[in-house]
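Structure record follows, encoded as structure tokens.
Atoms within each ligand, like the ligands themselves, are counted from 1 in listed order. Being a predicted model, the structure only gives us computed values, none of them experimental.
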Amino acid sequence: MKILLYSPDNGVTKNFMPHLWMFLLQSLTPAGHEVVLIDGNAQPMDEAGIAQYVRKNNIGLVGIGCMTRMIAKAYRMADAVRAVGVPVVMGGPHVTEMPDEALGRISGKRHADAVALGEADETWPRIVADAERGQLKETYAPVDEFGQERKPSLQAYPAIPWNSLDLEQFNVVPKFAGAMLKRFRDGWGTFRIIPVESGRGCPYGCEFCTVTGFFGDSIRFRTNKSVVDELLLLKARAKSESGQIAVFFIDDNFAINPKRTKSLLRDIIAANAQVHWIAQISANLLRDEELVDLIAAAGGKWIFIGMESIDATNLADVNKGFNKPGEYAAVLQRLADRNVFAITSFMFGMDNDTVGVAERTLEQIRTWPAGLPIFGLITPLPATPLYARLEAAGRLTRPKHWEEFIPFAMAHTPLKMSIAEAHAEVKYGWAQTYSPEAIAHAVRSFSHKPLAYRINILVARLCFRGIYFPQMGPMAWVKVLGENAQTICDIVKECFRDWLTGMCKQPARSATVGTSGD
Ligand code: B12
Ligand code: SF4
């Protein structure tokens, strides 16, 4: 049977990173089937397009997975596939929380023949076998022989064949530039960000988060060896293509068990498996100096920190009181001292937020080492304690907000400001942080560091700007590059000077962000 795994586009950004579930299920598919992957962020497709693709390629089963924000598109695509007589199975966080919606049991249309609840590592082979026999069941749940929920162990994690997979759709270096860039420094012919998981689960139970409910508070890890082998494979592939690879450790909290994280990082270093990587770690766990030393030595470059708010009352309200705003500066400085920087994520519209929250947050951010601040709105995702609380209080203004996804729009009324005011705060945060002046300032703040760090922060800021300000087409990029022309010119001049110096003093080289293991 030929199986298509499809992930709908998020409508906001392009293919900066593929989704892990597709590669994982591909690797877990029993032998004898062919699995093709289409990521809508890399290969945009509409309803007619997917129907035509499925017919033309004789697809026998389509698997669709996505987050809540893409579910409306996912349902439309599923409807188009089912209309041509091909069964659809849906999985991922949204349909796990709302299976009856996908199966048309609440009201309205049925979108999926079957729904995979929760983690599908063990149910996927069964789904494929049932589909082949034309006997798909409506729901597949990860349960043991007694019907009790069973979270898959990650000890026997499948080897994803990163060395042989077709990853062209996820190469962010444009084809026309690739041939030339292959010869630049250690080779930049390709650049991909690859998702890797080392473990699952987070017990912290923040009120707005689906993770504790979905993956459970039982934390599971892969073996160090399996993670190290995967990194070595990715590193070898990048080298063979004269390209670069970076890894996003998608664990919800990469250092949730610091002892185990340290042991993994030590093994990465010992095996010389360092690639540049990003990971999500909560601020409280970054108090540990030894951990931060190891992060830097093992290739860690960017840490995503869910700071959410600088207001302790807000944090307590959402059960995230373990975040201590008073220590944010020290945590970020500890990272920056080792050349590790932070993506700091904030949510506005929280219950204790009042007008001016963005500027108050920015006042703090400006005193921290430059990084990548991002701003969103607190969103009641289905099946979260936050959703239940707001529903009970009658505060949901769009209880089924996912039926019409609107980026950066609230779905409930904040307590101390209006919805419009909350939207304005988010806009202010983005506009101030990603203005040409702010970008120039961030780049200048790295002037005591090698040039590569200035290039890194410039490119990262220009890309991150696109999360809020649409930057999808070439014209949008031309505009952004034009607005930041002065900073870009300064960097290009520096690159040229650096290159000339290098030519004169061969073989001296400066540190390069993007090459492995510096
Ligand atoms: C990596 C990640 C991202 C990446 C992007 C995704 C990518 N390219 O990988 C980044 C950092 C950009 C991101 C951003 C956001 N994310 Co995110 N992200 C994750 C994270 C940490 C890991 C995803 C992952 O790969 N998991 C590991 C795989 C193996 O698990 P999985 O995807 O769930 O797949 C398993 C099952 O669900 C199932 N399955 C999944 N799909 C399918 C399909 C079929 C057919 C079948 C059979 C089974 C199946 O099988 C898999 C194996 O068991 C998750 C949390 C988590 N731990 O999952 C949050 C998570 C998915 N993100 C979430 C959210 C809310 C967001 C944002 C909206 C946050 C924000 N406010 O901006 C943005 C939206 C970005 C966008 N524009 O789309 C929520 C989604 C909740 C929901 N109900 O939708 C999650 C669950 C975290 C949370 N806090 O609750 N995210
Ligand atoms: S620490 Fe992060 S992953 Fe864990 S429950 Fe809180 S928001 Fe979710």
Residue-level breakdown please: for C206 versus ligand 2, do any non-hydrogen atoms fall below 4.0 Å on the side chain, on the backbone, on both, or on neither?
both

Within the 4.0 Å heavy-atom shell around V89, which atoms of ligand 1 are there?
45 (C)

For ligand 1, which part of F208 has a heavy atom less than 4.0 Å away: the side chain, the backbone, both, or neither?
neither

What protein heavy atom is closest to atom 3 (S) of ligand 2, reported as residue, atom name and distance in Å?
D252 CB, 3.6 Å

Looking at ligand 1, is there an atom of it that comes within less than 4.0 Å of some heavy atom belonging to P195?
no

What are the atoms of ligand 1, with element, lying closer than 4.0 Å to any heavy atom of P18?
7 (C), 8 (N), 9 (O)

Can you list the ligand 1 atoms lying under 4.0 Å from a non-hydrogen atom of R200?
29 (C), 53 (O)

With a 4.0 Å heavy-atom cut-off (strictly under), which part of Q280 contacts ligand 2: side chain, backbone, both or neither?
neither

Lys/Arg-Asp/Glu bridge criterion (N-O < 4.0 Å) met for R222, E197:
no

Report yes or no: is the cationic atom of R126 (NZ for Lys, CZ for Arg) closer than 6.0 Å to the six-membered ring centre of Y140, at no more than 45° off its axis?
no

Measure up the W430 and F408 rings against each other and bin them: parallel (under 30°), tilted (30 to 60°), perpendicular (over 60°).
perpendicular

Under 4.0 Å from a heavy atom of E119: which atoms of ligand 1 are those, numbered in the order shown and with their elements?
53 (O)

Below 2.8 Å, can you find an N, O or S atom of C209 next to atom 8 (Fe) of ligand 2?
yes

Carboxylate-amine/guanidinium contact R105 D100, below 4.0 Å
yes

Please determine whether any non-hydrogen atom of L25 lies less than 4.0 Å from an atom of ligand 1.
yes

Close approach of G205 to ligand 2, heavy atoms, under 4.0 angstrom
yes

If the cut-off is 4.0 Å to any non-hydrogen atom of Q280, which atoms of ligand 1 fall inside it?
21 (C)

For E97, state whether at least one heavy atom is located under 4.0 Å from any atom of ligand 1.
no

